[in-house]
2 protein chains.
Amino acid sequence: MSRDKLQKLEMLENLSQSLHKYGMRTVLFQQNMAQKMGVVHTDLKTAEILNETGPITAGELSRITGLSSGSVTALIDRLEKTGYVMREKDEEDRRRVMITPIQKRQQQIKDHFVSLAEATKEACSTYNKEELAVILSFVEKVTKIMDHENEKLMVERENGN
Amino acid sequence: MSRDKLQKLEMLENLSQSLHKYGMRTVLFQQNMAQKMGVVHTDLKTAEILNETGPITAGELSRITGLSSGSVTALIDRLEKTGYVMREKDEEDRRRVMITPIQKRQQQIKDHFVSLAEATKEACSTYNKEELAVILSFVEKVTKIMDHENEKLMVERENGN
DNA sequence: AATGGTTATCTTGATAATCGAGATAAAATC
DNA sequence: GATTTTATCTCGATTATCAAGATAACCATT
């Protein structure tokens with residue numbers, strides 16, 4: 001293998017490890033933030049999921065979070081009580097319960113992430129447009145990979161470990 | 001503001017949001033993985049912390065994880081029982097208990113992340129060395145930011161919310 | 001329209017992770 | 001040497017989660 005190729009492999013390995021470290025910090029950050037907001041880690045996680053997906057059913061929430069149906073019911077109870085979401089019966093299929101995020105509360109959550117977002121934008125402002133385009137493509141790429149890996153794990157779980 | 005500048009600001013905002021989405025998926029991934037491995041989310045998180053820090057005291061673990069001292073004791077009990085760590089009395093300060101990760105088990109954890117790491121490296125192999133250098137610098141940059149934000153949250157917590 | 005089977009959510013009792021306050025013991029400070 | 005602080009552990013209470021079963025709506029077949 002060429003010297004150039006080896007160098008690149010090394011960089012890829014380096015990148016993979018750095019990304020892993022970053023991921024760990026993200027997990028810690030979310031947990032710290034939940035604690036600051038006075039909610040359980042699961043609750044913040046769920047609010048964030050709903051923020052991205054919009055209204056979904058309890059079943060979908062169960063699948064995404066990996067919680068049992070019973071836990072999801074309790075989870076929704078908590079989120080409803082604290083005003084983050086509301087239950088809405090689906091008129092199409094009346095067994096279904098749609099979980100709808102409440103805008104006002106969602107905004108309050110986002111406010112907590114402002115500091116992080118600003119720091120990120122600030123730090124990345126040193127990159128020029130071409131570099132930013134590369135970085136953005138990278139983040140979107142690894143996001144897709146995460147989606148794929150998560151899908152694999154969810155399917156495994158459904159087929160009984 | 002110039003048209004160019006506006007475009008860049010938009011890209012930065014876009015990047016920040018994409019990164020947030022990626023973070024959410026990382027959190028879900030770790031939770032899914034913990035479930036697959038049959039351990040509590042906290043336990044995997046702790047094992048990963050120890051993997052990076054090396055041996056630390058119970059107190060430091062309490063600070064990093066945000067758990068109470070009582071919970072940390074129980075946490076270490078679980079990790080010790082399942083062979084992930086061992087307690088070691090610090091001879092310098094005999095109140096202290098050092099938590100030392102056990103290599104063999106740590107490796108077993110890493111094995112679970114191989115699929116993700118390979119997929120990441122594969123996907124990023126399309127970038128050339130210059131691009132990879134930019135991306136790597138970016139990841140290291142946002143990791144530092146996360147460290148800083150986490151430190152802020154930990155200090156807030158210690159000063160009673 | 002009746003039946004049986006599947007799907008979606010909720011209910012309930014049990015388990016266990018976490019908290020919080022207090023106990024113990026070692027170190028640091030005066 | 002006495003007091004205060006620090007580090008961990010112990011233990012009872014709380015609560016998030018699970019697992020299994022109940023309920024109710026949908027769907028397909030007859």
Side-chain angles (χ1 to χ4, degrees), chain A residues 27-28 30-32 34-47 49-50 55-82 84-100 157-158 160-161, chain B residues 27-28 30-32 34-47 50 55-82 84-100 157-161:
Chain A
V27 174
L28 290 176
Q30 230 206 4
Q31 197 126 349
N32 281 330
Q35 210 162 357
K36 174 177 179 174
M37 296 168 70
V39 299
V40 185
H41 175 227
T42 306
D43 294 12
L44 176 55
K45 196 183 71 181
T46 305
I49 290 170
L50 284 167
I56 55 176
T57 68
E60 287 176 282
L61 212 47
S62 167
R63 180 177 147 82
I64 297 173
T65 58
L67 293 172
S68 66
S69 71
S71 296
V72 167
T73 300
L75 163 64
I76 300 171
D77 284 347
R78 289 197 302 273
L79 290 177
E80 203 171 38
K81 198 185 298 182
T82 47
Y84 287 105
V85 304
M86 54 197 256
R87 281 184 169 92
E88 271 174 341
K89 286 237 164 89
D90 185 352
E91 287 306 320
E92 303 262 318
D93 182 338
R94 291 213 305 256
R95 292 168 305 178
R96 285 194 165 131
V97 173
M98 295 294 288
I99 315 302
T100 305
R157 188 169 58 212
E158 280 151 20
N161 292 345
Chain B
V27 173
L28 289 176
Q30 229 205 6
Q31 195 123 350
N32 281 329
Q35 210 162 0
K36 174 176 177 172
M37 294 168 70
V39 299
V40 185
H41 176 226
T42 306
D43 294 13
L44 176 56
K45 196 182 70 180
T46 305
L50 285 166
I56 55 176
T57 68
E60 287 177 281
L61 213 46
S62 167
R63 179 177 147 82
I64 297 174
T65 59
L67 293 171
S68 66
S69 72
S71 295
V72 166
T73 301
L75 164 63
I76 301 171
D77 284 347
R78 288 197 302 273
L79 290 176
E80 201 171 40
K81 198 183 299 182
T82 47
Y84 286 105
V85 305
M86 52 197 258
R87 281 186 170 90
E88 271 175 339
K89 285 236 165 92
D90 185 352
E91 286 306 320
E92 303 262 317
D93 183 339
R94 291 214 304 257
R95 294 168 303 177
R96 284 193 167 137
V97 173
M98 296 294 287
I99 316 301
T100 305
R157 188 169 58 211
E158 279 151 21
N159 301 344
N161 293 344

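All chains are named by letter (A, B, ...) in the order of the sequence lines, taking the proteins before the strands, and each is independently numbered beginning at 1. Hydrogens, waters and symmetry mates play no part in the numbers below; they use all other heavy atoms, side chains included.
- For Q31(A) and D77(A), each mapped to the nucleotide of DNA chain C holding its nearest heavy atom, the one lying further toward the 5' end belongs to D77(A).
- Taking atom CZ of R87(A) as the reference point, atom P of dT9(C) lies 10 Å away to the nearest angstrom.
- Spacing between atom CD1 of I99(A) and atom P of dA8(C) amounts to 14 Å, rounded to whole angstrom units.
- Comparing dA17(C), dT11(C), dC26(D) by their closest approach to the side chain of R94(A) singles out dC26(D).
- Atom C1' of nucleotide dA7(D) and atom CD1 of I56(B) are separated by 14 Å, given to the nearest angstrom.
- Within the 3.5 Å criterion, the main-chain N or O of H41(B) finds no donor-acceptor partner in the side chain of Q31(B).
- Of the candidate nucleotides dC9(D), dC19(C), dA16(D), dA16(D) has the atom nearest to the side chain of R78(A).
- Nearest to the side chain of A58(B), among dT11(C), dC19(C), dT8(D), sits dT8(D).
- The side chain of I76(A) has dC10(C) as its nearest neighbour among dT9(C), dC10(C), dC19(C).
- Atom CE in M98(A) sits about 13 Å away from atom C1' in dA8(C), given to the nearest Å.
- We find the CG-CZ distance between D93(B) and R96(B) to be 5.0 Å, quoted to the nearest 0.5 Å.
- Taking atom CG of D43(A) as the reference point, atom P of dT15(D) lies 13 Å away to the nearest angstrom.
- Between the side chain of N32(B) and the main chain of L28(B), a donor-acceptor pair closer than 3.5 Å is present.
- Side-chain contact between R87(B) and M98(B) is absent, with no heavy atoms from C-beta onward closer than 4.5 Å.
- Of all nucleotides listed (dT10(D), dA16(D), dT11(C)), dA16(D) comes nearest to the side chain of T42(A).
- Toward the 5′ end of DNA chain D lies the nearest nucleotide of D93(B), the other residue of the pair D93(B) and D90(A) mapping further downstream.
- Computed from coordinates, the R96(A) CZ to dT7(C) P distance equals 12 Å when rounded to whole Å.
- Phosphate contact (OP1/OP2 of dC19(C), side-chain N/O of S68(B), threshold under 4.0 Å): present.
- At a threshold of 4.0 angstrom between heavy atoms, the contacts of E92(B) are confined to the sugar-phosphate backbone, with no base atom among them.
- The residue G70(A) sits close to a base: some heavy atom pair falls under 4.0 Å.
- Between the side chain of R95(A) and the base of dT7(C), a donor-acceptor pair under 3.5 Å is found.
- The CG atom of D90(B) sits 8.5 Å away from atom OG1 of T57(B), with the distance rounded to the nearest 0.5 Å.
- Remark: C1' of dA17(C) and NE2 of H41(B) are 13 Å apart, rounded to the nearest angstrom.
- Separating the NZ atom of K89(B) from the P atom of dA27(C) is a distance of 11 Å, rounded to the nearest angstrom.
- Checked by distance alone, S69(A) brings a side-chain donor or acceptor within 3.5 Å of a matching partner on the base of dC10(C).
- Residue T57(B) has no polar side-chain atom (N or O) positioned under 4.0 Å from OP1 or OP2 of dA7(D).
- Residue L50(B) holds its CG atom at 12.0 Å from NZ of K45(B), rounded to the nearest 0.5 Å.
- Contact annotation: S71(B) side-chain N/O to dA17(C) OP1/OP2 distance is not under 4.0 Å.
- As judged by a 4.0 angstrom heavy-atom cut-off over every strand, L75(A) is placed among residues making no nucleic acid contact.
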